[in-house]
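Quick notes on the structure that follows.
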Amino acid sequence: MRSCKLFQSTFLVTGCAALLALGLGGTARAQPAGGAACNPAADGSNPCPRKLHLHTQQPLSTMATVGKAMFFDSALSGSGKFSCASCHVPSLHYGPAGKTSVFMGGVTGDREGRREIPSLTYLERQPPFSIGPDDAVADDVAPTIAVPVTGGAHAAKSASNTASSAANLVPQGGLFLDGRADTLHQQASGPMFDPDEMAGLPEKVTARLQTADYAAPLRDLAGIRGRKSSDFLLSEGLFALARYQIEDQKFHPYSSKFDAWLQGKARFSPSERHGYLLFNDPKKGNCAACHVDTVRGDGLPPLFTDHQYEALAAPRNPALTHTHDASYYDLGVCDQKPGGRKELAPYCGMFATPTLRNVATRHTFFHNGVFHSLEDIMDFYVLRDLEPGRFYPKGPDGKVQAYNDIPAAYQGNIDKSDAPFDRKPGEAPALNEAERKAIIAFLQTLTDGWTGDVTQADASVTPQKNP
């Protein structure tokens, strides 16, 4: 597959993972109308600003209003204490609070979740799951085709030439880290009925849907069938949760400094500019190969994900109780259904590439929440195979147990060919420490709610406000 699946956090909606459709080319992504690459100017300004296609907030439909009420209703959980907002905190870009690797939920609040909590932002353009030709800049539906017998070998892909790996057959789209749901409607039922998360019971949830303050409008929307069938009423409730996430612009505001910069309304600081160039440099960060940062031809802003999956071999997280069982492995895509470890073996160990928007406000990274800072994740990304002892434990024989959370049978799926994972022990890392810090500075420009920095913004324009 491709490199730079940086920050694999659980792509919940409806996750776990991806990316826009825009012509790429060159190492920079702010493209003028003609499509030529466009680097930031020396003063950090955008010499070829783009007009973005941004939706304005409209009044929520009745269905979305019901979904909003459900999102904050803790009575839908088995304990009566957890709502969707307990994990997906609105003030934290619908991501988790705290630094725990996974959510502690269940009826008694002491059950350990399987994966770390993703953000629910920027899922409105996620395509259904499929396996097909690698196209980093398409977010339409790709046809599902036969899975190859073996994984591993593939054409390399870089930030400056995403088309070079078009012959690759890659998993793409879908929600959650493993792509097992295709719509927000389907996804909503996962956490609600998971015994380790909200731990709701269908009969109790449907009873709540018939007695809550929002029950009357939901019944009206569900019609005669909803009045006769509790299953249909529940389905309509899950649909309402999906409509809320789609209609409320707070789930996809596109209000970061980077969005303002794309429109010519802000300037990068020197470190942000440096980080942006490194992010797009195919020989350095190469991040844009997967976390595509190009404006689409129709003006839609970049999502900083390609909707695809990658095996980065995050270390096993000993802080999670289930990892104490030596036979336990979470293998992502190939665990999305029974028999997947055989049928989808070339993709075992792969997890969805999440958006990098608002990544600087997170405290847990990768599917198992093993890392807790951007510094840690950048170090792993650059030094995984150069200093493996820094990330992986030693076995009884004193040797480093590299890739210790993927069985040997599937380690051929791990990305070792795309920069910066193409480095060998003894070689210099693709990014030195100062360069890694610069990329982090750029990632901080992806945080929504930017209201303008007079030291960097162009005083001649009005900074974009948080909607």
Side-chain angles (χ1 to χ4, degrees), residues 1-10 99-102 112-116 149-154 156 177-178 286 309-335 339-342 344-351 363-433 436:
M1 303 308 142
R2 323 192 332 255
S3 77
C4 208
K5 301 286 186 181
L6 259 172
F7 326 111
Q8 274 174 322
S9 43
T10 304
K99 296 185 178 182
T100 55
S101 295
V102 297
E112 189 177 81
R114 182 184 177 202
R115 293 170 176 163
E116 63 95 15
V149 177
T150 59
H154 62 277
L177 271 182
D178 54 18
N286 196 35
Y309 296 75
E310 188 77 4
L312 293 188
R316 198 171 182 88
N317 188 352
L320 303 182
T321 302
H322 46 260
T323 66
H324 299 172
D325 177 355
S327 66
Y328 173 85
Y329 291 98
D330 181 357
L331 297 180
V333 172
C334 75
D335 280 346
R341 294 191 180 188
K342 180 177 180 180
L344 299 172
Y347 309 123
C348 283
M350 293 185 180
F351 294 88
H363 299 290
T364 56
F365 302 91
F366 285 107
H367 69 282
N368 57 5
V370 67
F371 293 125
H372 297 278
S373 72
L374 286 177
E375 288 77 11
D376 289 344
I377 207 77
M378 285 297 302
D379 288 348
F380 175 78
Y381 173 65
V382 173
L383 302 174
R384 183 194 69 185
D385 295 329
L386 300 181
E387 301 179 24
R390 184 168 174 173
F391 310 104
Y392 300 107
K394 289 184 178 180
D397 59 0
K399 295 182 179 179
V400 175
Q401 297 177 314
Y403 318 136
N404 69 328
D405 210 25
I406 298 181
Y410 304 117
Q411 290 184 7
N413 298 339
I414 298 171
D415 186 354
K416 301 178 186 178
S417 60
D418 300 321
F421 297 115
D422 57 351
R423 299 306 197 273
K424 304 295 187 295
E427 296 180 351
L431 300 164
N432 61 36
E433 185 174 357
R436 299 198 289 274

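- Taking every heavy atom of both residues into account, Pro396 and Gln401 meet most closely at CD-NE2, 4.4 Å.
- A side-chain donor-acceptor contact under 3.5 Å links Asn368 to the backbone of Pro315.
- A search for ring-ring contact (aromatic ring centres under 6.0 Å, His included) contacts involving Phe380 returns Phe366, Phe371, Phe391, not counting sequence neighbours.
- When atom types are taken as modelled, the side chain of Arg390 and the backbone of Leu383 share no donor-acceptor pair closer than 3.5 angstrom.
- At distances below 3.5 Å, at least one donor-acceptor pair connects side-chain atoms of His324 with backbone N or O atoms of Pro318.
- Looking at His372, its side chain does come within 3.5 Å of a backbone N or O of Lys99 through a donor-acceptor pair.
- Asp335 is linked by a salt bridge (charged side-chain N to carboxylate O under 4.0 Å, His left out) to Arg114, Arg341, counting only residues two or more places apart in sequence or in another chain.
- Taking Glu375 as the reference, nothing meets the salt bridge (charged side-chain N to carboxylate O under 4.0 Å, His left out) condition, with sequence neighbours excluded.
- For Phe421 and Tyr381, the distance between ring centers is under 6.0 angstrom.
- Rounding to the nearest 0.5 Å gives a distance of 11.0 Å between CD of Glu433 and CE of Met378.
- Summarising the geometry, atom CG belonging to Asp330 is positioned 4.5 Å from atom NE2 belonging to His367; distances are rounded to the nearest 0.5 Å.
- With hydrogens and angles ignored, the 3.5 Å screen pairs no side-chain donor or acceptor of Asn413 with any backbone N or O of Ala311.
- Minimum heavy-atom separation, Ala313 to Tyr403: CB-CD2, 3.5 Å.
- Within the 4.5 Å cutoff, the side chain of Tyr410 has heavy atoms near those of the Leu331 side chain.
- Side chains of Phe365 and Leu374 form a contact here, defined as non-hydrogen atoms less than 4.5 Å apart.
- Arg436 pairs by the salt bridge (charged side-chain N to carboxylate O under 4.0 Å, His left out) definition with Asp379, not counting sequence neighbours.
- Across Val382 and Pro429, no two heavy atoms sit closer than the pair CG1-CB, 3.5 Å.
- For Asp325, the side-chain hydrogen bond (donor to acceptor under 3.5 Å, both in side chains) partners two or more places apart in sequence, or in a different chain, are Ser327.
- Across every non-hydrogen atom of Pro420 and Ala430, the tightest pair is CB-CB, 3.4 Å.
- Atom-to-atom distance recorded for Leu431:CG and Arg423:CZ is 8.0 Å, nearest 0.5 angstrom.
- Asp415 places a side-chain N or O within 3.5 Å of a backbone atom of Ser417 that can act as its donor or acceptor partner.
- No side-chain heavy atom of Asn317 sits less than 4.5 Å from a side-chain heavy atom of Glu116.
- Residues Asp405 and Tyr392 have side chains that never bring a donor and an acceptor to within less than 3.5 angstrom of each other.
- To the nearest 0.5 Å, atom CG of residue Leu312 and atom CE of residue Met350 are 9.5 Å apart.
- Judged by the 6.0 Å distance and 45° axis criteria, Arg316 is positioned over the aromatic ring of Tyr329.
- With sequence neighbours excluded, no residue forms a salt bridge (charged side-chain N to carboxylate O under 4.0 Å, His left out) with Glu112.
- The shortest distance between side-chain heavy atoms of His322 and Val102 does not fall below 4.5 Å.
- Counting all heavy atoms, side chain and backbone alike, Asn404 lies closest to Pro393 at ND2-CD, 3.4 Å.
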